[in-house]
Engineer: 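Have a look at the structure that comes next, please.
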Amino acid sequence: MRNYKVYVLNWKEKILCLGITAGLAGAVSWLFYHNRCMMASSVILYLPVKRAFSRHLLKKRKGEMLFQFKEILQMAVTALKAGYAMENAFVHAREEFVKLYGEEAVMAREFAYINHQVKLNVTLESLLEDLAERCGIEEISSFSQVFGFAKRSGGDFLKIFQNSADKIRQKAEIKREIEVVIAAKQMEMNIMNLVPFGILAYVGITSPEFLEPLYGNWLGIGIMTAALAVYGCACWLAEKIVDIQV
């Protein structure tokens, strides 16, 4: 089964990365160096752009998977309260989930596989542990451990299951609320990240002689390179500030 800890870009996403890299390389070579040859050397930006884009898409996919897992758990709790056995509760939960999110949703595919393996006498707890291992999501891993412990130890299984599902639901909702709160700040950050490029473009178009001493000589190249390095560090720091882990 699929390993969700690593995000593999498809060909469309790779083309998008190439476009972003080309645009960024063109902006850097023109605004900071006024040298077309620098654009060729700027293709090395493809690797960091690809890594950053992959991290962004991986984080987005994990958020969607946690939300979907939370939805299936809530549906399974409802099925258990209605008198379904545990294995049948997940079958019923997936059927209800597919009605809302479709067959192509990640958890729809995963629980189709889990339900099929349960019919082949594979234990549900081992399948959930495998899912948690492949996802790399803390909440799913914690749930699989609690689920396995509850199945082995007995007790009020429904209450344990419901409490675990409620905690995952609360944490998923908190994460969504935080994302909404910081969305505006992220937009401000993105705008601020573009300000240096805007200033250089404005000055370069309206008063090109003002920046002329910085182009075509080693001192100017050194100053621009240092400024570019400081700018890159500032962007990295801003990204870390808004990357809030719950």
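Keep in mind that what you see is a predicted model, and the values were worked out from it rather than measured.
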Engineer: Any link between Tyr33 and Phe210 through a network of hydrophobic side chains (Ile, Leu, Val, Met, Phe, Trp, Tyr) touching at under 4.5 Å?
Structural biologist: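 Yes, Tyr33 and Phe210 fall within the same hydrophobic cluster.
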Engineer: Closest heavy-atom contact between Cys135 and Ile140?
Structural biologist: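 Closest approach of Cys135 to Ile140: SG-CD1, 4.2 Å.
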Engineer: Taking the side chain as everything from C-beta on, heavy atoms only, tell me whether Phe90 gets closer than 4.5 Å to Met86.
Structural biologist: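 Phe90 reaches Met86 side chain to side chain.
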Engineer: Take atom CD in Glu96; do more than 12 heavy atoms of anything else shown fall under 6.0 Å from it?
Structural biologist: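 Yes - once you tally the heavy atoms of other residues, nucleotides and ligands closer than 6.0 Å, there are more than 12.
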Engineer: Tell me, do Val28 and Phe197 make a side-chain contact under 4.5 Å, heavy atoms counted?
Structural biologist: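 A side-chain contact exists here, since the closest heavy-atom pair is under 4.5 Å.
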Engineer: Under 3.5 Å, is there a donor-acceptor pair between the side chain of Gln68 and the main chain of Ala105?
Structural biologist: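 Side chain of Gln68 to backbone of Ala105: no pair is present.
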Engineer: Consider only side-chain heavy atoms of I, L, V, M, F, W and Y, link residues closer than 4.5 Å, and tell whether Phe111 and Val98 are in one cluster.
Structural biologist: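 Different hydrophobic clusters.
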Engineer: Looking at every heavy atom in both Ser144 and Ala132, which two are closest together, and how far apart are they?
Structural biologist: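 Answer, listing the atom of Ser144 first, then Ala132: OG-CB, 3.7 Å.
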Engineer: State, to 0.1 Å, how close Ala76 and Ala89 come at their nearest heavy-atom pair, and which atoms those are.
Structural biologist: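 Looks like O-CB, 3.9 Å.
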Engineer: Say you draw a straight line from CE of Met189 to CG of Leu194; how long is it, rounded to the nearest 0.5 Å?
Structural biologist: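 Met189 atom CE to Leu194 atom CG measures 10.0 Å (nearest 0.5 Å).
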Engineer: Verify, without hydrogens or angle tests, whether Ser207 (side chain) and Val203 (backbone) share a donor-acceptor contact under 3.5 angstrom.
Structural biologist: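 Not confirmed, Ser207 side chain does not pair with Val203 backbone.
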Engineer: Any carboxylate oxygen within less than 4.0 angstrom of a Lys/Arg side-chain nitrogen, looking at Glu95 and Lys99?
Structural biologist: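 Salt bridge: no.
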Engineer: Is it true that a side-chain atom of Tyr46 and a backbone atom of Ala22 form a donor plus acceptor pair closer than 3.5 Å?
Structural biologist: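 Here the side-chain-to-backbone pair does not exist.
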Engineer: Do Val146 and Lys167 make a side-chain contact, defined as non-hydrogen atoms from C-beta onward lying under 4.5 Å apart?
Structural biologist: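 Answer no - side chains too far apart.
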Engineer: Pick out which of Asn115, Val118, Ile114 makes a side chain to side chain contact (heavy atoms under 4.5 Å, CB included) with Glu87.
Structural biologist: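 The passing option is Val118.
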Engineer: What residues form a ring pair (Phe, Tyr, Trp, His ring centres under 6.0 Å) with Phe147, not counting sequence neighbours?
Structural biologist: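 In terms of ring pair (Phe, Tyr, Trp, His ring centres under 6.0 Å), with neighbours along the sequence ignored, Phe147 is linked to Phe143, Phe157.
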Engineer: Shortest non-hydrogen contact from Leu58 to Lys5?
Structural biologist: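 In terms of heavy atoms, the two residues are closest at CD2-O, 3.4 Å.
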Engineer: With hydrophobic residues grouped by side-chain heavy-atom distances under 4.5 Å, do Tyr202 and Leu228 end up in a single group?
Structural biologist: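 Yes, one cluster joins them.
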Engineer: For a 4.5 angstrom cut-off between non-hydrogen side-chain atoms, does Ile191 reach Met187?
Structural biologist: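 Yes, close enough: below the 4.5 Å cut-off.
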Engineer: Kindly work out whether a path of hydrophobic side-chain contacts (I/L/V/M/F/W/Y, heavy atoms less than 4.5 Å apart) joins Leu131 to Phe67.
Structural biologist: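 Shared cluster, yes.
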Engineer: For Ala108, does its backbone N or O pair with a side-chain atom of Arg94 as donor and acceptor, under 3.5 Å?
Structural biologist: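 Checked: pair present.
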Engineer: Between CD1 of Ile137 and CZ of Phe69, what distance do you get to the nearest 0.5 Å?
Structural biologist: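 Rounded to the nearest 0.5 Å, the CD1-CZ separation comes out at 9.0 Å.
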Engineer: Looking at residues at least two apart in the chain, or sitting in another chain, which of them share a side-chain hydrogen bond (donor to acceptor under 3.5 Å, both in side chains) with Lys119?
Structural biologist: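 For Lys119 there are no side-chain hydrogen bond (donor to acceptor under 3.5 Å, both in side chains) partners, ignoring immediate neighbours.
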Engineer: Which pair of non-hydrogen atoms, one from Ala79 and one from His92, has the smallest distance, and what is that distance?
Structural biologist: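 Looking at all heavy atoms of both residues, the shortest contact is CB-CD2, 3.7 Å.
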Engineer: What's the separation between atom CE in Met107 and atom CG in Leu66, rounded to the nearest 0.5 Å?
Structural biologist: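 Here the rounded value is 8.0 Å.
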Engineer: About how many Å separate OG of Ser164 and CD of Glu139, when rounded to the nearest 0.5 Å?
Structural biologist: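 It comes to 12.5 Å.
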Engineer: Between the side chain of Arg134 and the main-chain N/O of Arg2, is any donor-acceptor distance below 3.5 Å?
Structural biologist: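 Checked: pair present.
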Engineer: So, the side chain of Tyr231 versus the backbone of Asn193: is there a donor-acceptor pair under 3.5 Å, distance only?
Structural biologist: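 Checked: pair present.
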Engineer: If you count heavy atoms of other groups shown closer than 6.0 angstrom to OH of Tyr215, is the number above 12?
Structural biologist: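 More than 12 within 6.0 Å, yes.
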Engineer: Testing Lys60, Lys59, Glu13 for side-chain hydrogen bond (donor to acceptor under 3.5 Å, both in side chains) with Tyr7, which one passes?
Structural biologist: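 Answer to the side-chain hydrogen bond (donor to acceptor under 3.5 Å, both in side chains) test with Tyr7 among Lys60, Lys59, Glu13: Glu13.
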Engineer: Any side-chain heavy atom of Lys171 within less than 4.5 Å of one from Glu138?
Structural biologist: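 A side-chain contact under 4.5 Å exists here.
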Engineer: Do Arg169 and Val77 come within less than 4.5 Å of each other through their side chains, counting heavy atoms only?
Structural biologist: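 Side-chain contact under 4.5 Å: no.
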Engineer: Answer yes if Leu100 and Val91 sit in the same cluster of Ile, Leu, Val, Met, Phe, Trp and Tyr residues linked by side chain heavy atoms under 4.5 Å apart, and no otherwise.
Structural biologist: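 Different clusters.
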Engineer: Rounded to the nearest 0.5 Å, what's the gap from CD1 on Ile20 to CZ on Phe53? Could you check?
Structural biologist: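 Ile20 CD1 to Phe53 CZ: 5.5 Å, rounded to 0.5 Å.
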Engineer: Quick check: do Pro48 and Arg51 have side-chain heavy atoms less than 4.5 Å from each other?
Structural biologist: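 Contact flag for Pro48/Arg51 side chains = yes.
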Engineer: With rounding to the nearest 0.5 Å, note down the distance linking CD in Glu133 to OH in Tyr4.
Structural biologist: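 Separation between the atoms: 14.0 Å.
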Engineer: Any donor and acceptor pair, going by atom type alone, linking the side chain of Asp130 with main-chain N or O of Ser126 inside 3.5 Å?
Structural biologist: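 Such a contact is absent between Asp130 side chain and Ser126 backbone.
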Engineer: Between Leu9 and Cys17, what is the shortest heavy-atom contact and its length?
Structural biologist: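 For Leu9 and Cys17, the tightest heavy-atom pair comes out as CD1-SG, 3.9 Å.
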